[in-house]
2 protein chains.
Amino acid sequence: MQMKTGVEQSVYAVLLLNMLPDKAVLHSEVISGQIGASPTYFQKLLRKLVSADLITSVPGVKGGFKLKKDPEDIRVYDIYVAIEGQQSLYSPSGILNDVLELEYDDRCCVLGGLMEEAEESWKAVLKRETIASLAEQVESDRFVHHVTDLKKWVEENMVV
Amino acid sequence: MQMKTGVEQSVYAVLLLNMLPDKAVLHSEVISGQIGASPTYFQKLLRKLVSADLITSVPGVKGGFKLKKDPEDIRVYDIYVAIEGQQSLYSPSGILNDVLELEYDDRCCVLGGLMEEAEESWKAVLKRETIASLAEQVESDRFVHHVTDLKKWVEENMVV
DNA sequence: ATAATCCGGATAATTATTATCCGGTTTAAT
DNA sequence: ATTAAACCGGATAATAATTATCCGGATTAT
């Protein structure tokens with residue numbers, strides 16, 4: 001049981017897109033190159049972020065990706081759901097129902113309630129943090145000098 | 001990202017073992033049969049529970065498994081860790097470190113802190129519930145009549 | 001027109017999980 | 001003692017999930 005690496009990669013991709021000036025886009029291969037992900041697969045991840053309305057894609061030459069929402073409105077949770085999907089961490093297999101020989105009406109799951117709560121608790125933390133708040137951390141004194149390099153890189157590689 | 005079904009199966013197995021009178025044991029194939037799991041693989045899961053000191057195995061003919069601890073002292077979390085292992089849901093791949101070209105000293109992970117907190121939050125819920133409290137739920141009025149059947153089944157299939 | 005990009009479907013490669021098998025050790029019963 | 005029935009643990013196979021690739025189509029700046 002491990003979170004897909006795609007979630008982490010996507011978060012960093014969105015952080016990169018957040019450094020773009022208005023109207024500018026970043027080519028998918030440029031992003032995946034910087035992140036060190038497989039270009040073709042990473043494009044699939046970007047598509048999921050597009051479907052989730054977190055980023056926008058512009059087709060054609062000089063095309064690429066950019067944020068669709070303000071960074072304050074993109075929660076880490078949104079990215080998590082976009083990539084991992086809606087399905088919960090725990091899918092009750094109804095073992096106890098069989099064990100107890102329950103009729104359909106009586107079906108319940110002792111673990112279900114607990115697991116649901118655990119998952120909500122996990123998600124709640126992911127809902128708290130946004131791309132804006134993450135970006136703020138990255139901008140902290142400690143890294144500010146590296147970040148300016150990164151922003152330079154973004155400006156050199158962005159389109160339009 | 002989905003919890004192993006082995007965790008759920010193990011929880012129910014422990015609930016069954018909890019119905020055993022003192023000194024009695026349950027044969028692994030009897031348990032896996034009731035739960036509907038593959039016998040050989042399920043034995044591996046039982047081994048993990050043994051390694052985690054949650055249950056005891058007695059070898060030889062008339063052997064089997066029984067609880068090692070009181071049900072109050074077995075948390076769902078313990079079973080989760082026994083089966084899934086210690087590794088966290090999120091393993092930082094250090095993408096941002098590369099992106100920011102950080103020196104080894106400076107290495108950190110913006111997501112790491114958040115993910116760690118999320119996971120702790122999830123685990124906290126699993127730590128709350130014990131086998132004893134789960135058993136209590138199962139004993140509730142609603143199911144008590146089925147449970148007596150189940151206990152009868154346990155008595156018929158237990159050894160010594 | 002052309003080239004560069006996104007798009008989406010099919011498919012393959014890799015990895016994680018689940019499942020099986022087999023030879024070994026322990027123990028109750030004969 | 002011998003035997004049969006269980007656990008033990010290592011090797012291995014089958015299955016499922018994740019990651020990665022490929023290709024033909026649609027879109028757009030030049």
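Computed from a predicted structure; not experimentally measured. Chain A is the first sequence line, chain B the second, and so forth, proteins listed ahead of strands; every chain is numbered from 1.
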From the list [options], which nucleotide is the closest neighbour of the side chain of [X]?
{"X": "B:Arg47", "options": "D:dC7, C:dT20, D:dC8", "result": "D:dC8"}
{"X": "B:Phe65", "options": "C:dT20, D:dC8, D:dT21", "result": "D:dC8"}
{"X": "A:Lys44", "options": "D:dC22, C:dT5, C:dA4", "result": "D:dC22"}
{"X": "B:Val61", "options": "C:dC21, C:dT27, D:dT19", "result": "C:dT27"}

Would you confirm whether [X], through its side chain, and [Y], through its main-chain N or O, come within 3.5 Å as a donor-acceptor pair?
{"X": "B:Glu119", "Y": "B:Leu89", "value": "yes"}
{"X": "A:Ser121", "Y": "A:Glu117", "value": "no"}
{"X": "A:Glu29", "Y": "A:Pro39", "value": "no"}

* Asked: Using a cut-off of 4.0 Å on non-hydrogen atoms, how would the nucleic acid contact of A:Met1 be classed: base, sugar-phosphate, or nothing?
  -> sugar-phosphate
* Give one of base, sugar-phosphate or nothing for B:Ser38, where a contact means two heavy atoms less than 4.0 Å apart. => sugar-phosphate
* Cation-pi geometry met for B:Lys127 and B:Tyr77 (6.0 Å, 45°) -> yes
Spacing of [X] atom [atom1] relative to [N] atom [atom2], expressed in whole Å:
{"X": "B:Lys4", "N": "D:dA16", "atom1": "NZ", "atom2": "P", "answer": "17 Å"}
{"X": "A:Glu8", "N": "D:dT19", "atom1": "CD", "atom2": "P", "answer": "11 Å"}
{"X": "B:Lys48", "N": "C:dT17", "atom1": "NZ", "atom2": "C1'", "answer": "10 Å"}
{"X": "A:Ile83", "N": "D:dT18", "atom1": "CD1", "atom2": "P", "answer": "12 Å"}
{"X": "A:Met158", "N": "C:dT5", "atom1": "CE", "atom2": "C1'", "answer": "18 Å"}
{"X": "A:Leu89", "N": "D:dA17", "atom1": "CG", "atom2": "P", "answer": "15 Å"}
{"X": "B:Glu84", "N": "C:dT18", "atom1": "CD", "atom2": "P", "answer": "8 Å"}
{"X": "A:Lys66", "N": "C:dT5", "atom1": "NZ", "atom2": "P", "answer": "17 Å"}

* Structure fact -> On DNA chain D, more 5' by nearest nucleotide between A:Pro59 and B:Val58 is B:Val58
* Structure fact -> Comparing nearest nucleotides in DNA chain D, the 5'-proximal residue of the pair A:Leu45, B:Lys62 is B:Lys62
* Asked: Between A:Leu26 and B:Ala37, which is nearer to the 5' end of DNA chain C once each is assigned its nearest nucleotide?
  -> A:Leu26
* Select from A:His27 and A:Gln2 the residue whose nearest nucleotide in DNA chain C is closer to the 5' end of that strand. => A:His27
Is the distance from OP1 or OP2 of [N] to the nearest side-chain N or O of [X] less than 4.0 Å?
{"X": "A:Ser57", "N": "C:dC7", "answer": "yes"}
{"X": "A:Thr5", "N": "D:dT18", "answer": "no"}
{"X": "B:Gln43", "N": "D:dC8", "answer": "no"}
{"X": "A:Tyr41", "N": "D:dT19", "answer": "yes"}

* Determine whether the side chains of A:Tyr90 and B:Glu8 contain a donor N or O and an acceptor N or O closer than 3.5 Å. => yes
* To the nearest 0.5 Å, tell me how far A:Ser10 OG sits from A:Asp78 CG. => 12.5 Å
